[in-house]
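Heavy-atom basis, side chains included; hydrogens, waters and symmetry copies ignored. Here the structure is a predicted model, which means the values were calculated and not measured.
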Amino acid sequence: MKLNPRQDEAVKYISGPCLVLAGAGSGKTRVITNKIAYLVQECEYKAKNIAAVTFTNKAAREMRERVLQTLGKQDAKGLWVSTFHTLGLEIIKKEIKTLGYKTGFSLFDDQDTNQLLAELTEKEFERDKDLLNLLKNQISNWKNELILPERAIREAREPQKAQFAQLYARYQVQLRAYNALDFDDLIMIPTLLLAQFNEVRERWQSRFRYLLVDEYQDTNTSQYELVKLLVGERARFTVVGDDDQSIYSWRGAKPQNLVLLKKDFPGLRLIKLEQNYRSSGRILKAANILIANNPHEFEKQLFSELGYGDPLRVIATKDEEHEAERVVAEIISHKFMQRTSFKDYAILYRGNHQARVFEKALMSNRIPYKLSGGMSFFGRAEIKDMMAYLRFLVNQEDDNAFIRIVNTPKRDIGPVTLEKLGTLANEKHISLFEACFDTELPNRLHGRGMNALMGFARWVVELADRAIRGDTLEAVRDMVRESNYEAYLYESSTSAKAAEMRMKNVSELYRWISEMLSGDEDNPPMTLPEVVTKLTLRDMLERNEEEDEADAVQLLTLHASKGLEYPHVFMVGMEEGLLPHQTSIDEDNVEEERRLAYVGITRAQQTLTMTYAKSRRQFGEMITPELSRFVEELPQDDLAIEGKAPVKTQEQRMQDGQSKVAGLRAMLKR
DNA sequence: TGAGCTTCATTTTTT
DNA sequence: ATGAAGCTCA
């Protein structure tokens, strides 16, 4: 298919900074991939001098695939396509000497971070989860704003902020001691590094002579800063984004970065993509009218040439069970009449808890479904165990990993032994593993615990040794075998079946590792530390090919639906308090909720059905929600509203009266 | 070690 | 209300 004039302009403007405002379904990925091809084929850029950055691995993978299709393997050689975090990791790895980290550092994921912070704050706020979360977010915010502990301490005004800043400092010291980094560090550290050292910055600027950024509205301050440092004065870059699809400000994204771009780069060329190739005219009109209620920095009008299409349906149901049953019934009859596939249908909701009722309804109707999100592969205990083993193999200073594996499977190393080991490690400022070999240890630990600990320590030393000098894969295999992990799974699982499942997961992980270690024609072999960080970043080969192919109804949150499209979309729970979520109403932040609704609507290609329940259980109590204001904001002529009784019958009035009496009675009871 | 008890939270999630 | 997750005591 040919590019339209706007797309063409976006592809061919390469002489300066370029912002592409790409509305939903306007073919932005096509623009990015075509632009990369254009740079290489027509403008004498070398692929290895081009970097494209995304937010998710999935997006990066897709982009790489599509560029490869357009350019061919040969021309695309050396092209850098990755997430922000992987790019940051690359810079850290290459500049590790300047940074003073040891090779084989650990990457802490969210849970590791939580654990470390929980330990750090045990005394201060006796495992108050709210406080802990507050602290975690505050630290993350500081890092995203490129504020180091010293400055946080200096600038803290309220006592709580001051306390948090102190804890932030301790947290960073502790990470350093573990030779570990967290996810936010992967952006903050390279950014500070590039800002500080001219020579390093120039090196990276000449490595990446052209930069492309996808979903730019989701960047936070440190990511934007990194972009600026990478493009430098030459400012050869293209960023693609849509302020109307900014739905992640709650985790630090700064959609204002779109506006900042105009200020920071006065020569910025602004190109709008307004033709939508996805949705019917009616769906698009509704989306336009809805989002017009938000203030706009950049005006745009999406249009579609795909025909006007069916009205948007609005269905009222009695309660959440009925809502689920109704949606499932609609899918069944529609599929039967239109001869569609299950995978053409998506059910979108605001919160994960809403999925349960739909799962139940789908299951009892024997309809295959795919639930995205939820506890993933890496949330499983057995996978976390294995990851801890691997991490420890790579970095023996990683106390978090040490604690997880030292007595898993059971090795007679109990809390008392660990307590004593921990005290010694603390006193001497060494890692737990180092403490195992400290000359002082035999004076404090004897007998069974000591023996067990020594046995474990020696085993690990030997294993790490084998991993370094010999066949790494073999060492990993020995690790699983010699730890008797399989036997442990059978012992600790409730059933043999569950144990089998878990062992299958372990084997799957092992398979990935072996593939990554040996490499193939497209990917060079990796070292174990590389494999471990890649796994922690969830950046690996395709998950389950079969699972993606399966014909199943898609269940996902509105957030997770961004970037996807489906012929037939159901937006459920269109209620005040749920779609503009109550907390957002309270915080007066309905605009982001409206964008969320906008994202949902623009996922639909042919039909869109919105449902709401007239009563719903919430925190144990029955509530009677109102229809979402977002439905009221839509063009009423394009809606087919069902179940919203226009005139109440005598009978209904009676029922209403009765329920009011019941409500009064319930109130009096308290 | 595991059944049964208490406690707890019920927006969105990637890396 | 409800379900999950953690925790205790036998």
Requested in this report: Compare side-chain N and O positions of A:H581 against OP1 and OP2 of B:dT11 and report whether any pair is under 4.0 Å apart.
Outcome: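 Checking A:H581 against B:dT11: at least one side-chain N or O falls below 4.0 Å of OP1 or OP2.
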Query - Distance below 4.0 Å between A:N352 side-chain N/O and B:dT11 OP1 or OP2 - result: no
Can you measure [X] atom [atom1] to [N] atom [atom2] for me and round it to whole angstrom units?
X      : N      : atom1 : atom2 : result
A:F84  : B:dT15 : CZ    : C1'   : 12 Å
A:N144 : B:dT15 : CG    : C1'   : 11 Å
A:K562 : B:dT12 : NZ    : P     : 17 Å
A:D218 : B:dT12 : CG    : C1'   : 12 Å
A:Q618 : B:dT10 : CD    : P     : 13 Å
A:N407 : B:dT1  : CG    : P     : 10 Å
A:K136 : B:dT14 : NZ    : C1'   : 12 Å
A:Y349 : B:dT13 : OH    : C1'   : 13 Å

For [X], salt bridge (Lys or Arg N to Asp or Glu O under 4.0 Å) partners two or more places apart:
X      : value
A:E359 : none
A:E215 : A:K28, A:K562
A:E145 : A:K254

Requested in this report: Select base, sugar-phosphate, or nothing to describe what A:T583 touches, counting heavy atoms under 4.0 Å on all strands.
Outcome: base
Report task. Would you mind classifying the nucleic acid contact of A:F55 as base, sugar-phosphate or nothing, using non-hydrogen atoms under 4.0 angstrom? Result -> sugar-phosphate
Requested in this report: Could I get the full list of ring-ring contact (aromatic ring centres under 6.0 Å, His included) partners for A:Y389, not counting sequence neighbours?
Outcome: none
Query raised in the report: How would you list, by chain and number, every residue that makes a ring-ring contact (aromatic ring centres under 6.0 Å, His included) with A:H559, sequence neighbours excluded?
Result: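 If we apply the ring-ring contact (aromatic ring centres under 6.0 Å, His included) test to A:H559, skipping adjacent residues, the hits are A:Y248, A:W250.
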**Report entry** Nearest atoms (heavy-atom pairs only) where A:Y566 meets A:L564
**Finding:**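 That closest heavy-atom pairing would be OH-CD1, 3.3 Å.
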Report summary line: Assert: residue with more 5' nearest nucleotide on DNA chain B, out of A:E593 and A:D184, is A:E593
Query raised in the report: Applying the salt bridge (charged side-chain N to carboxylate O under 4.0 Å, His left out) test to A:E321, which of A:R356, A:R617, A:R616 qualifies?
Result: A:R617
Query raised in the report: A:W250 on top of B:dT12's base, within under 5.5 Å and under 30°?
Result: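 By the stated criterion, A:W250 and B:dT12 stack.
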**Report entry** Whether A:H85 stacks on the six-membered ring of B:dT15 base, 5.5 Å and 30° limits
**Finding:** no
Query raised in the report: If the P atom of C:dA4 is compared with that of B:dT12, how far apart are they to the nearest Å?
Result: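 Between the two P atoms, the distance is 16 Å.
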Query - Nucleotide of B:dT14, B:dT12, B:dT15 approaching A:R251 most closely (side-chain heavy atoms) - result: B:dT14
Query raised in the report: For the side chain of A:H559, counting heavy atoms from C-beta on, which of B:dT15, B:dT12, B:dT10 is nearest?
Result: B:dT12
Requested in this report: Count the heavy atoms of every other residue, nucleotide or ligand shown that sit under 6.0 Å from NZ of A:K228, and state whether that count exceeds 12.
Outcome: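 Enclosed.
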**Report entry** Stretch residues 384-393 of chain A: residues that reach within less than 4.0 Å of DNA chain B through a heavy atom
**Finding:** none
Query raised in the report: Got a donor-acceptor pair under 3.5 Å from the side chain of A:T557 to the base of B:dT12?
Result: no
